[in-house]
Amino acid sequence: MLAPGRPRMGQTGKVPLLTSKPPFWPEFRSPLRGPALTARIGRVLGVAFGLCFVTGLLSHYQYAPWHWLPVPAAPYWGYRLSQGVHVLTGIACIPLLLLKLWSVFHRLFAWPPVRGLRHALERLSVAVLVAASVFQVITGLFNILQFYPWPWGFIRVHYWMAWVVIGSLLLHIAVQLPAIRAGLATRLGPSSEAGLSRRGVLIAGGAGVAVVAVTTIGQVVPALEPVALLAPRQPRRGPLGVPVNRTAEAAKVVSAAQSAAYQLTVHGASLLSFSLAELEAEPTRDTVLPIACVEGWSIQAHWRGIPLLNLVERVGGSASSRVSVHSLEHGAYSQSSLTGSQLEHALLATHLNGQRITLDHGYPIRLIAPDRAGVLQTKWLTRIEVSS
Amino acid sequence: MTPATRSVLAVRVLLGGIGVMAIGYGVLRIFTDAKDTKPIALARWLIATLLVHDVVIAPVVIGLGWLLARLVPGRLRRYLQAILICGGLVSAVGVWLIWRHGRTSSPALALLRQNYAANLVLLLAAIVVVGLAGYALEVGRASRRKSRPPADQ
């Protein structure tokens, strides 16, 4: 066994395996790559990842808000904006990330591969960042496409991996800060006569990212739907001009929702029970609110329905009550809760865009409230519970 | 150490510390939620993701660049590189849509109902046209410069 710090071989005190590059080791020269280019792409990608992380936290908050800080009703388009930005930025991160990885790919072949413990940890942190980032944007896209070729629950993994991604990004910035500052302070350099310049790479890459963004944003901004060639959703093509994410058939509520025995019960200090005919005789209010899905698409629609607060007050509740609404369906999205300003503005919708809502949209009644994730706009309601 | 260097170091330590804590938090919660997050399968996916990029995507892109540098002359190469970068990045999103097109449970979802193959071809064609138009403009400008008589005639 060798004493610590004692050279194993050679007179120089260095390990020959690590000092002389083996002949098979790739030689990588690229006049285009360099800190000036990488730092500029990285700056944009860093901002995009930051936006994705913050908007992701906002979306996650919708599912489990603190009781003392309920999700507000204003702005009513808040979730539409934040989740639209989240998904659009996430999709744009796919080309951005590829461009960034392309700009540093040569460093994978740096010799020696490891210069010591600190260098090994640095390279390990880069591997974590690359794997976690690519994983996050690709699995995020698969979720939008409703494609789940994995055994884990997407929501939790996406959320915890977001912490890994943002953490490894911050660590990477901390390690590379001097190089980033130097890169940003360095001019991109003159155009190469032989091929594309670094500025050209930024322009071509930026154009690619812009094309992706412009051709997907139409699933959030209806005016851009005609150019939404890469948008996974076309919201206006849904029934009654609004897509559904879970059909009545998938939720296994087709017969229960159309049953003559259907009832809506409201449980509070007292109990109210409504048949379908009684519900339809209740006074209604009209409103214009968006349905904004966690998958990024959204569309504004005209709704008519019974103000939820009216029923809550009739069983002894108020705007400060905590109200949970329950669906005929069973499973993860069979109920949701609301309180405060969202409760004040919530409707039990009977009509959508001037027509009686269809089975897939939540017939006989569904919840619609402002600034709320689509998955929490519970459909096929059958029970409402009011607690103080 | 100057005050400026000290403050940069402080920022790096702070960022690094927050970063390590965030990674630790995420990893810890993945393991505490193991029933739902399936850490072993997740680790396999992460390694596979890294390998697909480093062993497949990156070498193919590097190989294309290498071929382009040897087969295409400078000025045309510049525009072809730009077309390939822009088109490649757009395709990196488009191919997934083509692959999943039509594989949804109901038309009511209004999901993946477009002809994405045709849409991507249209976008790539537009990128090629813009790129080649730029090349033609540059060639035209260069030939006008050559044919212009000297200023003193």
Side-chain angles (χ1 to χ4, degrees), chain A residues 91 94-95 98-99 101-102 105 108 127-128 130-132 134-135 138 141 145-147 150-153 156-157 160-161 163-164 166-168 170-171 173-175 177 193-196 200-201 203-205 207-209 211-212 215 229-230 232-235 237-239 243-245 247 250 360, chain B residues 8 11-13 15-16 18-27 29-30 33 36-38 41-42 45-47 49-50 53-54 57-58 61-62 69 74 77-78 81-82 85-90 92-94 96-97 100 103-106 108-114 116 119-120 122-123 127:
Chain A
I91 294 175
I94 295 173
L98 286 173
L99 196 62
L101 293 177
W102 169 86
F105 189 62
L108 191 64
V128 170
V130 173
V134 176
F135 172 89
I138 289 297
L141 180 69
L145 306 181
Q146 297 199 347
F147 175 50
W150 49 68
W152 60 77
R156 284 184 188 223
V157 166
W160 300 130
M161 283 303 294
W163 286 93
V164 176
I166 207 72
S168 46
L170 290 176
L171 182 60
I173 293 171
V175 171
L177 193 57
E193 282 301 314
L196 199 63
V201 171
I203 292 169
V209 175
V211 168
V212 168
T215 54
L229 299 179
L230 297 182
R233 297 268 187 168
Q234 293 165 291
R237 286 183 68 169
V244 298
N245 229 20
T247 60
D360 286 340
Chain B
V8 169
V11 168
R12 293 179 71 190
V13 169
L15 281 178
I18 296 171
V20 169
M21 281 193 289
I23 295 170
Y25 178 62
V27 171
R29 294 308 305 263
I30 284 167
D33 268 355
D36 202 26
T37 58
K38 311 272 191 271
L42 183 58
W45 264 72
L46 285 165
I47 293 166
T49 302
L50 199 62
H53 175 265
D54 287 359
I57 298 172
V61 172
I62 304 295
R77 190 201 315 164
R78 193 180 309 157
Q81 281 174 313
I85 289 172
C86 186
L89 293 179
V90 173
V93 173
W96 300 108
L97 299 164
R100 296 301 301 165
R103 298 192 200 188
T104 48
S105 55
S106 162
L109 274 65
L111 172 65
L112 296 167
R113 312 300 295 175
Q114 301 193 66
Y116 293 104
N119 290 357
L120 185 61
L122 192 69
L123 288 172
I127 291 165

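Worth saying up front: this structure is predicted, and the values here are computed from it rather than measured. Every chain is numbered from 1, with letters handed out A, B, ... down the list of sequences.
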Does any heavy atom of chain B fall under 4.5 Å from the side chain of A:Ile138, the backbone, both, or neither of them? side chain
Using side-chain contact (heavy atoms from CB on, under 4.5 Å) as the criterion, list what pairs up with A:Val130, not counting sequence neighbours. A:Leu101, A:Val126, A:Val134, B:Leu50
If you draw a 6.0 Å radius around CZ in A:Arg156, do more than 12 non-hydrogen atoms from other residues or ligands fall strictly inside? no
A:Trp160-B:Tyr25 aromatic ring centre distance below 6.0 Å: yes
Given a strict heavy-atom distance threshold of 4.5 Å, which part of A:Leu145 is in contact with chain B: side chain, backbone, both, or neither? both
For chain A, find which of B:Ala82, B:Gly19, B:Ala110, B:Ala22 contributes the most heavy-atom pairs closer than 4.5 angstrom. B:Ala110
Select one option (side chain, backbone, both, neither) describing which atoms of B:Leu123 are under 4.5 Å from chain A's heavy atoms. side chain
Using 30° and 60° as the class limits, which term best fits the ring planes of A:Trp152 and A:Phe135: parallel, tilted or perpendicular? tilted
Residue part contacting chain A, namely of B:Arg100, when any heavy atom lies under 4.5 Å: side chain
From A:Leu99, A:Ile94, A:Val212, A:Val211, residue fulfilling side-chain contact (heavy atoms from CB on, under 4.5 Å) relative to B:Leu89: A:Leu99
Is A:Leu141 in contact with chain B via its backbone, its side chain, both, or neither, using a 4.5 Å heavy-atom distance? side chain
One should read off an interatomic distance between A:Ile203 CD1 and A:Leu196 CG, to the nearest 0.5 angstrom, of 8.5 Å
With chain A, which of B:Leu111, B:Val90, B:Leu42 has the greatest number of heavy-atom pairs at distances under 4.5 Å? B:Leu111
Are the side chains of A:Asn245 and A:Gln146 in touch, meaning some heavy atoms are under 4.5 Å apart? yes
Greatest number of heavy atom pairs closer than 4.5 Å to chain A - which of B:Gly26, B:Ala92, B:Ala69, B:Gly94: B:Gly26
Counting heavy-atom pairs under 4.5 Å to chain A, which of B:Leu120, B:Asp54, B:Val13 comes out on top? B:Asp54
Tell me every residue that passes side-chain contact (heavy atoms from CB on, under 4.5 Å) with A:Ala207, counting only those two or more places apart in sequence or in another chain. B:Cys86
Below 4.5 Å from any heavy atom of chain A, which atoms of B:Ile47 appear? Answer side chain, backbone, both or neither. neither
Where do A:Leu170 and B:Val20 land on the side chain to side chain contact (heavy atoms under 4.5 Å, CB included) test, with the steps shown first? CA-CA 8 Å; A:Leu170 290 176; B:Val20 169; over 6 Å; no
Contact origin within B:Thr37 toward chain A - heavy atom pairs under 4.5 Å: both
Counting heavy-atom pairs under 4.5 Å with chain B, which one of A:Gly200, A:Ala132, A:Ser168 comes out on top? A:Ser168
Quick one: which of B:Val8, B:Ile62, B:Asn119, B:Leu109 has the most heavy-atom pairs under 4.5 Å with chain A, could you say? B:Leu109
When the 4.5 angstrom heavy-atom criterion is applied to B:Val61 and chain A, the contacting part is side chain
Give, as side chain, backbone, both or neither, the part of A:Phe105 having an atom under 4.5 angstrom from any heavy atom of chain B. side chain
With a 4.5 angstrom heavy-atom cut-off, which part of A:Ala127 approaches chain B: side chain, backbone, both or neither? both
Atom pair CD1/CD1 of B:Ile18 and A:Ile173 - distance to nearest 0.5 Å: 11.0 Å
Are any non-hydrogen side-chain atoms of B:Leu112 and A:Arg233 less than 4.5 angstrom apart? no
Side chain / backbone / both / neither for B:Val11 at chain A, heavy atoms under 4.5 Å: side chain
Counting heavy-atom pairs under 4.5 angstrom with chain B, the leader among A:Asp360, A:Val157, A:Val128 is A:Val157
